[in-house]
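Contents: one structure, followed by commentary.
Quick note on labels: first sequence line is chain A, next is B, and so on, each numbered from 1. Not measured: the values here are computed from a predicted model.
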Amino acid sequence: MERYEPETIELKWQDVWERERAFSVPNPGPGEMDERHTYVLEMLPYPSGELHMGHVKNYTLGDVLAHVRRRMGLRVLRPMGYDAFGLPAENAAIREGGHPRAVTERNIAAIREQMRRMGWAIDWDREVSTSDPSYYRWTQWIFLRFYEQGLAYRKEAPVNWCPNDQTVLANEQVIDGRCERCGAEVERRNLEQWFFRITDYADRLLDEMSLLESWPEHVLTMQRNWIGRSEGAEVVFRIEELDADIPVFTTRPDTLFGATFFVLAPEHPLVPELVRGTPHEEEVLDYARRAAGRSAIERADPEKEKTGVFTGAFVTNPVNEQRIPIWVADYVLMEYGTGAIMAVPAHDERDFEFARRFELPVKVVVAPPDDELEEGTYVPHSEDERLVDSAQFTGLPAEEGKRAIVEWLESRGLGKAAVSYRLRDWLLSRQRYWGCPIPILYCDSCGMVPVPDEDLPVLLPEVDEYLPKGRSPLAAAEDWVHATCPRCGGEAHRETDTMDTFVDSSWYFIRYCDAKNDGAPWSREIADYWLPVNQYIGGVEHAILHLLYARFFVKVLNDLGLLGFREPFLRLFTQGMIHYLGAKMSKSKGNVLSPDDLIATYGADSVRLYILYMGPAEDDIEWQDTGIDGMARFLGRLWRLGLEAAERGPVDVPADGPLVRRAHAAIAKVSDDILRRFQFNTPIAAVIELVNETYHVKDDPARAGEVRFAAETAVSLIQPYAPHLSEELWERLGRERLWEEPWPQADPALLERETFELVVQVNGKVRDRVEVPVGLSDPELLARAKELPRVRAHVDGKEIRKEIVVPGKLVNLVV
RNA sequence: GCCGAAGUGGCGGAACUGGUAGACGCGCUGGACUCAAAAUCCAGUGGGGCCACGCCCCGUGCGGGUUCGAUCCCCGCCUUCGGCACCA
């Protein structure tokens, strides 16, 4: 018999699919706008190298889903593109040596070939690359719309600087004080940079989570933590000496009477003023300078003892007119709240630690009712606490106390209820070459001027030296930098920073809908037809970064009237990572598996099957070298089964029979697992079982019809996983175009059973099983159970105290 | 420290709504075919015990609880992984 040779079959069908543009899905025409459709999207790859096993898993998952949904009769959008601008691609170019464009194009070509070789059913007519002028023209266009709304702005602020990548980073790109991409310790620098006002959308990013259909709870939690909304109050403290008011943010206005000192962040702008000409000036400024020089990691070290200096100045607590000393300490962060705090050591662990170190008073103002007050100690938060020693508020429960004190402050103009967020505005400018130019001009007389829409795209200039050097390499392109002001016609120069790559990827899923449109980024009608994405699939590493940014973009674009929906991704699935030899795969560890090698050895179908068979798709899993052998063996079995059925020729398929019923059970199981449970490993096991059972009776001539039906069903069900082999067998079985064949339907009548195995327990322990007809009454089932000898051995001579019958399943006798 | 997820054979995992624990695959053992090997096919495979071809006991991280019945629900621990972390 002809051997199963994956490579021959796979190349053949890949050619067919490409020739026929088999998976291209045109946009609906005017009369088709109500057609049933779905958008299956996987996160697009960075072309910073070739595809790795994580991509293989990601895109195979999406592929299975897209195949099944298409065969269910839906119009399925399943596009692909490349996140080609940005640090990953540029660093790859520097590593490999070569111009970023050349290296990126080479990587894209390699990835495209790998995708083709995996047999993924992609609509290649919508392919998009974010570094292509036809794409980034619209990234710039969107930027200008944000700019017009005041949502893109420039300001000087302390920012994160990566000394290795020689650029600033967004907060989201700093992990434990280190650069997300290269691991270098980031530095603080005061620089003028471009920001997106994502903080304006903080509440909507939280509240509109309710519009999502299905996101993993841990991703929502991560986003909530990242946004970090806290409710409290802003309270104004007065510095008489400077005739100035300093607001602080607190979540505990109920502890206001317990404020015994006050702390400013070292970077607080009032610090120099406060100490000018005083004996404390030198010491305080010196402390502020040293704090500025410390890295974020050093400053946040929880082991470190708290440091600080007294300024010699005092503020007045608005609730009791008490004057409390002002300190400067680096445990107060300039970026959060107002950069100043009221310190309540009795009710805040950090303030308590500081108070002990510098021998400052500790005053308890909130405590459980019967607590014996011990002054000078830390009193942790408790459920039933009430205010003590707090003038007219004494005795109120803490929650009521908060409200009452805030009201009192508001009525006197000394404070107000306030909300604070951990989220910062998104720093989007980068001092790197390989990115989307920011379409802004600086005119000597008009100031900052946006590039008019009709002048887009602002093309990325060619430069000789694109290596990072701390300021944008674009500045070296002098001809490009020099421009004419579109307003006054005078001299102007271009913004030379480029955009963060996450800007590019915040709207690519919209462009896919209308990828060839050169008059607009998309047609709203088309975008509203396909979007929001019904199923998004990708790695959990983007839980905050990309997924938060894309949600923000869609909300803004919705406000601008450019989109008719507010959330981009209704359902999100985060796949687990693939480990190899006990660790995450990485080049430095030398434990990288190459998809190409695996395809060469086993064929794409076996790789596709095994990557999903290994375990639940959301779990991290360990790749086992021998595991894939099982998939190759299974496909070999199915191959022989199919060929033998094909050779036997057409036979009548009986309407019923044990194997026919098994096949229908498999249809039900596979469909339910994929479509309802989103579980991709167990369907494979179900088809393997069907094939094994069929294999055992394949040579029985009396059952040829059943065997044929079971074999065809197995081929059809495994098509989303192993499309090449399935297509080949389908053709040899005298059929064609399995990828367009309607998804099989299980006949409910054939899923019904005439008998079932009744489990009989005594005291909850299984003692016997017996095959009985479906539909017996409870007393009949009990009677059957009690007849069984093994049951009698445990029951005879004892009194049956209770009888439990679970219809269709089991009987439990309690003695 | 706070928040979240997970712990099941030699291994990856299955058990969907509280109802047969270990589906399916890997590995391993024995057998068939073969001069031999590969491939393929068949059978077995959680641990222990015995009056051993059938039955008994134990068994889903640990200790309790609820229930006729718990991998599943509740309480308390342990371990691992992930996120946040001087955020006032």
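A/F262 and A/F237 have tilted rings, their planes meeting at an angle from 30° to 60° on a 0 to 90° scale. Between A/Y549 and A/W426, the ring-plane angle classifies as parallel under the 30° and 60° cut-offs.
Contact annotation: A/Q679 reaches the phosphate of B/rA15 (side-chain N/O to OP1 or OP2, under 4.0 Å). The phosphate of B/rC16 has neither OP1 nor OP2 within less than 4.0 Å of any side-chain N or O from A/T682.
With sequence neighbours left out, A/D348 forms a side-chain hydrogen bond (donor to acceptor under 3.5 Å, both in side chains) with A/R350. In this structure, A/E541 has no salt bridge (Lys or Arg N to Asp or Glu O under 4.0 Å) partners at least two apart in sequence or on a different chain. Looking at residues two or more places apart in sequence or on another chain, you find no side-chain hydrogen bond (donor to acceptor under 3.5 Å, both in side chains) involving A/D778. Applying the side-chain contact (heavy atoms from CB on, under 4.5 Å) rule to A/H794 yields the partners A/V762, A/R767; only residues at least two apart in sequence or on another chain are considered. Here A/T60 pairs with A/W120 under the side-chain hydrogen bond (donor to acceptor under 3.5 Å, both in side chains) rule; sequence neighbours left out. Here A/E787 pairs with nothing under the salt bridge (Lys or Arg N to Asp or Glu O under 4.0 Å) rule; sequence neighbours left out.
Looking at which nucleotide of RNA chain B each of A/M614 and A/G228 is closest to, the 5′-most match is held by A/M614. When each of A/R424 and A/N681 is assigned the nucleotide of RNA chain B bearing its nearest heavy atom, the one mapping closer to the 5' terminus is A/N681.
Across B/rC42 and B/rC24, the matching P atoms stand 13 Å from one another, rounded to whole Å. Using atom P as the reference point in both B/rG63 and B/rC50, the two lie 26 Å apart (nearest Å). For B/rU71 and B/rG9, the C1' atoms lie 14 Å apart once the distance is rounded to whole Å. Between B/rG83 and B/rG47, the distance separating the two P atoms is 38 Å to the nearest Å. When the C1' atom is used for both B/rG10 and B/rG44, the distance is 16 Å, rounded to whole Å. B/rU40 sits 44 Å from B/rG18 when the C1' atoms are compared, rounded to a whole Å. Straight-line distance between the P atoms of B/rG30 and B/rA38: roughly 13 Å, to the nearest whole Å.
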Please write out the pairs of protein N or O atoms and N or O atoms of nucleotides 56-60 of chain B separated by less than 3.5 Å, giving the distance to one decimal.
{"unit_1": "B/rC56", "atom_1": "OP1", "unit_2": "A/R767", "atom_2": "NH1", "d": "3.2"}
{"unit_1": "B/rC56", "atom_1": "OP1", "unit_2": "A/H794", "atom_2": "NE2", "d": "3.3"}
{"unit_1": "B/rC57", "atom_1": "OP1", "unit_2": "A/R767", "atom_2": "NH2", "d": "3.3"}
{"unit_1": "B/rC57", "atom_1": "OP2", "unit_2": "A/R767", "atom_2": "NH1", "d": "3.1"}
{"unit_1": "B/rC58", "atom_1": "OP2", "unit_2": "A/K765", "atom_2": "NZ", "d": "3.2"}

Check: protein-nucleotides 66-69 of chain B nitrogen or oxygen pairs below 3.5 Å:
{"unit_1": "B/rC68", "atom_1": "OP1", "unit_2": "A/K802", "atom_2": "NZ", "d": "3.0"}
{"unit_1": "B/rC68", "atom_1": "O2'", "unit_2": "A/N812", "atom_2": "ND2", "d": "3.4"}
{"unit_1": "B/rC68", "atom_1": "O2", "unit_2": "A/N812", "atom_2": "ND2", "d": "2.4"}

Quick test: give all pairs of protein nitrogen or oxygen and nucleotides 79-84 of chain B nitrogen or oxygen below 3.5 Å, distance rounded to 0.1 Å.
{"unit_1": "B/rC84", "atom_1": "O3'", "unit_2": "A/R422", "atom_2": "NH1", "d": "3.0"}

Identify the pairs formed between an N or O of the protein and an N or O of nucleotides 24-29 of chain B at a distance under 3.5 Å, and give each distance.
{"unit_1": "B/rC24", "atom_1": "O2'", "unit_2": "A/Y613", "atom_2": "OH", "d": "2.7"}
{"unit_1": "B/rC24", "atom_1": "O2", "unit_2": "A/Y613", "atom_2": "OH", "d": "2.5"}
{"unit_1": "B/rG25", "atom_1": "OP1", "unit_2": "A/N692", "atom_2": "ND2", "d": "3.0"}
{"unit_1": "B/rG25", "atom_1": "O4'", "unit_2": "A/Y613", "atom_2": "OH", "d": "2.8"}
{"unit_1": "B/rC26", "atom_1": "OP1", "unit_2": "A/R633", "atom_2": "NH1", "d": "2.9"}
{"unit_1": "B/rC26", "atom_1": "O2'", "unit_2": "A/T626", "atom_2": "OG1", "d": "2.5"}
{"unit_1": "B/rG27", "atom_1": "OP2", "unit_2": "A/R633", "atom_2": "NH1", "d": "3.4"}

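Using a cut-off of 4.0 Å between Lys/Arg side-chain N and Asp/Glu carboxylate O, A/E335 and A/R188 are scored as salt-bridged. A salt bridge links A/D254 with A/R252: at least one charged nitrogen is closer than 4.0 Å to a carboxylate oxygen. One finds a salt bridge joining A/E217 and A/R224 here, because a Lys/Arg side-chain nitrogen approaches an Asp/Glu carboxylate oxygen to under 4.0 Å. The pair A/K786-A/E803 meets the salt-bridge criterion, since a charged nitrogen lies less than 4.0 angstrom from a carboxylate oxygen.
At whole-Å resolution of the value, CD in A/E349 and C1' in B/rA85 are 12 Å apart. In this structure, the OH atom of A/Y331 is 13 Å from the P atom of B/rA88, given to the nearest Å. Rounded to a whole Å, the NZ atom of A/K809 is 11 Å from the C1' atom of B/rU20. Here the C1' atom of nucleotide B/rU40 and the CG atom of A/L635 are 16 Å apart, to the nearest Å. Taking atom CG of residue A/L220 and atom C1' of nucleotide B/rA5, one finds them 14 Å apart after rounding to whole Å.
Paired regions of RNA chain B, where each region holds three or more successive Watson-Crick or G-U pairs whose two hydrogen-bonding distances fall under 3.5 Å, are B:1-7 with B:78-84, B:10-12 with B:24-26, B:27-32 with B:40-45, B:46-50 with B:54-58, B:61-65 with B:73-77.
Results of the side chain to side chain contact (heavy atoms under 4.5 Å, CB included) test with A/L612 over A/L61, A/N681, A/V56 single out A/L61 as the only residue that passes.
Within the 4.5 Å cutoff, the side chain of A/L638 has no heavy atoms near those of the A/Y695 side chain. A heavy-atom distance below 4.5 Å is not found between the side chains of A/V670 and A/D673.
The side-chain hydrogen bond (donor to acceptor under 3.5 Å, both in side chains) contacts involving residues 225-235 of chain A comprise A/E172-A/W226, A/D203-A/R229, A/R229-A/E231, A/R229-A/Y421, A/S230-A/Y336, where partners must be two or more places apart or lie in separate chains.
Under 3.5 Å, the side chains of A/Y331 and A/T307 contain no donor-acceptor pair of N or O atoms.
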